[in-house]
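The residues of the chain are indexed from 1 along the displayed sequence. Read the numbers this way: they start at 1 and go in the same order the structure lists the ligands and their atoms.
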Amino acid sequence: MQPLSGKTIVLGVSGGIAAYKAAALTSKLTQLGAKVHVILTAHAQKFIQPLTFQALSHLPVYVDTFAEPDPHTIAHIDLADRADLVLIAPATANVIGKLANGIADDMLTTTLLATQAPVLIAPAMNVNMYHHPAVTANMRRLAEYGYRFIEPGEGVLACGWIGKGRLAEPEDIAEAVLRWFAEEHAQHAAGETGDTATSGHGVAPMKQDSSPKRDLTGLTVLVTAGPTREKIDPVRYISNHSSGKMGFAIAEAARDRGADVILVSGPVSLPQPEGVRLIGVESVQEMYDAVMAHLAQSDIIIKAAAVSDYRPKTTSNHKLKKQENGLTLELEKAPDILKAVGERKTPAQFVVGFAAETRDLAHYAIEKLRRKNADVIVGNNVLAEGAGMGTDTNLVTFYSRDGEVRELPLMSKRLVADKLLDLVLEKWQRGRKE
Ligand code: PMT
């Protein structure tokens, strides 16, 4: 049996030059056994013909909401109901914007609003469009609704710019679809046996309960996010690839659940979240000072920032000049903020640290839990696909002080944030009763 036998996939193709890749994707998914119903937007038809997809999928292609070939059904509702998965590849900034704002003005967007099926979005656009705050805000909103993204690749774009925005390759998108169905199957099986603390790496259910809980009302949550920068000279620094997405997702989730949120962030290029007190810092020392200044008033402290362990012993006031025989930098240990918080925390406070590892995750996470006196450590293997720095998703395991280990499947950083806050509340409230 083929791996996607019995599965119905609705493939939405929107109008970008990468629309041609959707033909290869249709062919791949069909060969894997899926029924692929293709919807082309009007702009997509400027790049590729419906006939191409009809020949590859052996099914009619949908282009017009009002065509209605079968008088017994309404095509977009019927497709929306039949889909096991909706995939948009390529997804332009325009279609992402429409979806994020509930606009339904063609066959693809009406089907998307009507469907209860999970939605996977593979964006493709110019690098500057991809990083535009309006587009990132739309994508974040969709991630909050539970939609999942297949990240675009980096390289030379059709427009001539070099950067992120190239549609993921058809093989990689097909792989993501296979992985999604495999994990959904595993989750379903785990659900049937009552195994909620899932083991194995997977993809989370995509639709979330949209009614926000206000269970953090009255609490102050202090979150750190992003990288730190340690100056070498006026033009150079030591840093890392943290984007701030994980920490910002936690701050936004806590805000939505009613908390008063203080977000201490290193330099990132994310839009400032509304309703959150944002304190921008650069170095470990600045982050340390900001955290310590707000520690006493915080009930829950969550340290998602990727903080330098070392910093240059001295910072040159002038740009270091090229030297014949190379350059040796002397580094000294930077203050460990989480450790300092762990030492100072009161019994009423709850402290969460992160562990970014590339191997032996459980070993190092448990060691950090103990050494830094945290209540929970969120372990992430930053080499795992879809996990770690810069991605919109993460693959994490929660290690709690009471010895409980909760392994989560791959999910959006926003969903990780909510799962973490669920755990924090559960453990914190239990701790207060004991
Ligand atoms: O920002 P993103 O692109 O979304 O990526 C998210 C992330 C990978 C950065 C995040 O999920 C994560 O793992 N953050 C912690 C990164 C890190 O510094 O890990 P660590 O194992 O080196 O540090 C352990 C803990 O000690 C962390 O909570 C860290 O904030 C803290 N620490 C580390 C060093 C230091 N000098 N002071 C600290 O407080």
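For ligand 1, the atoms closer than 4.0 angstrom to any heavy atom of Asn394 are 11 (O). Proximity to Gly388 (heavy-atom distance under 4.0 Å) selects the following atoms of ligand 1: 5 (O), 6 (C), 8 (C). Shown in contact with Lys245 at under 4.0 Å from a heavy atom are these atoms of ligand 1, numbered in order with element: 1 (O), 2 (P), 4 (O). With ligand atoms numbered from 1 in the order given, ligand 1 contributes 20 (P), 21 (O), 24 (C) to contacts under 4.0 Å with heavy atoms of Lys368. If you number the atoms of ligand 1 from 1 as listed, the ones under 4.0 Å from a heavy atom of Ala355 come out as 21 (O).
The two residues Tyr130 and Val135 come nearest to each other via the heavy atoms O-CG1, 4.1 Å.
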Give the table of side-chain donor-acceptor pairs shorter than 3.5 Å for residues 317-335, with sequence neighbours excluded, one pair per line with atom names and distance.
unit_1 : atom_1 : unit_2 : atom_2 : d
Glu332 : OE2    : Arg311 : NE     : 2.9
Glu332 : OE2    : Arg311 : NH2    : 3.4

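Residue nearest to atom 29 (C) of ligand 1, selected from Gly353, Ala305, Ser265, Ser243: Ala305 (by heavy-atom distance). Of the candidates Lys303, Met389, Lys372, it is Lys372 that places a heavy atom closest to atom 26 (O) of ligand 1.
The pair Asp260-Arg277 meets the salt-bridge criterion, since a charged nitrogen lies less than 4.0 angstrom from a carboxylate oxygen. Taking the charged nitrogens against the carboxylate oxygens, Glu252 and Arg257 have no contact shorter than 4.0 Å, which rules out a salt bridge. The pair Lys345-Asp375 meets the salt-bridge criterion, since a charged nitrogen lies less than 4.0 angstrom from a carboxylate oxygen. Classification of Lys419 and Asp422 as a salt-bridged pair fails, no side-chain N sitting under 4.0 Å from a carboxylate O.
Among all protein heavy atoms, the one lying closest to atom 34 (C) of ligand 1 is Asp309 OD1, 3.2 Å. Closest to atom 19 (O) of ligand 1, if we only count protein heavy atoms, is Ala356 N, 3.4 Å. Closest protein heavy atom to atom 37 (N) of ligand 1: Ile337 N, 3.1 Å. Protein heavy atom at the shortest distance from atom 23 (O) of ligand 1 is Phe354 O, 3.8 Å. Nearest protein heavy-atom neighbour of atom 1 (O) of ligand 1: Ser242 OG, 2.6 Å. In this structure, atom 31 (C) of ligand 1 lies nearest to the protein heavy atom Leu338 CB, 3.8 Å.
The part of Asn380 lying near ligand 1 is the side chain, judged by heavy-atom distances below 4.0 Å. By the criterion of a heavy-atom distance under 4.0 Å, neither the backbone nor the side chain of Ala225 is placed next to ligand 1. Only the backbone of Ser308 comes within 4.0 Å of ligand 1, counting heavy atoms alone; no side-chain atom from C-beta on gets that close. Residue-level proximity to ligand 1 for Val378 is absent, since no heavy atom of it falls below 4.0 angstrom.
Look at Gly390 and you'll find a heavy atom under 4.0 Å from some atom of ligand 1. Under a 4.0 angstrom heavy-atom cut-off, Ala374 registers as lying outside contact with ligand 1. Contact analysis puts Lys413 in contact with ligand 1, with a non-hydrogen atom separation below 4.0 angstrom. Ligand 1 lies nowhere less than 4.0 angstrom from a heavy atom belonging to Asn240.
On a distance-only criterion, Gly247 and ligand 1 share no N/O pair closer than 3.5 Å. Taking only nitrogen or oxygen atoms, main chain and side chain alike, Val382 does not reach within less than 3.5 Å of ligand 1.
Of the N and O atoms on the side chains of Ser308 and Thr228, at least one donor lies less than 3.5 Å from an acceptor on the other residue.
With Asp392 as reference, Lys245 is the one residue of Lys245, Arg140, Lys413, Arg148 to meet the side chain to side chain donor-acceptor pair (under 3.5 Å) rule.
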**Asked** Taking it one step at a time, do Lys427 and Glu404 satisfy salt bridge (Lys or Arg N to Asp or Glu O under 4.0 Å)?
**Response** CA-CA 10 Å; Lys427 301 279 175 197; Glu404 193 196 329; 2.5 Å; yes

**Request:** Apply side chain to side chain donor-acceptor pair (under 3.5 Å) to Asn373 and Arg401, showing your working.
**Result:** CA-CA 9 Å; Asn373 194 27; Arg401 180 192 272 281; 2.6 Å; yes

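Residues Leu87 and Ile121 have side chains not in contact (no heavy-atom distance under 4.5 Å, counting atoms from C-beta outward).
For Asn138, the side-chain hydrogen bond (donor to acceptor under 3.5 Å, both in side chains) criterion is met by no residue, not counting sequence neighbours.
Rounding to the nearest 0.5 angstrom, the gap separating the OH atom in Tyr399 from the CD1 atom in Ile377 is 10.5 Å.
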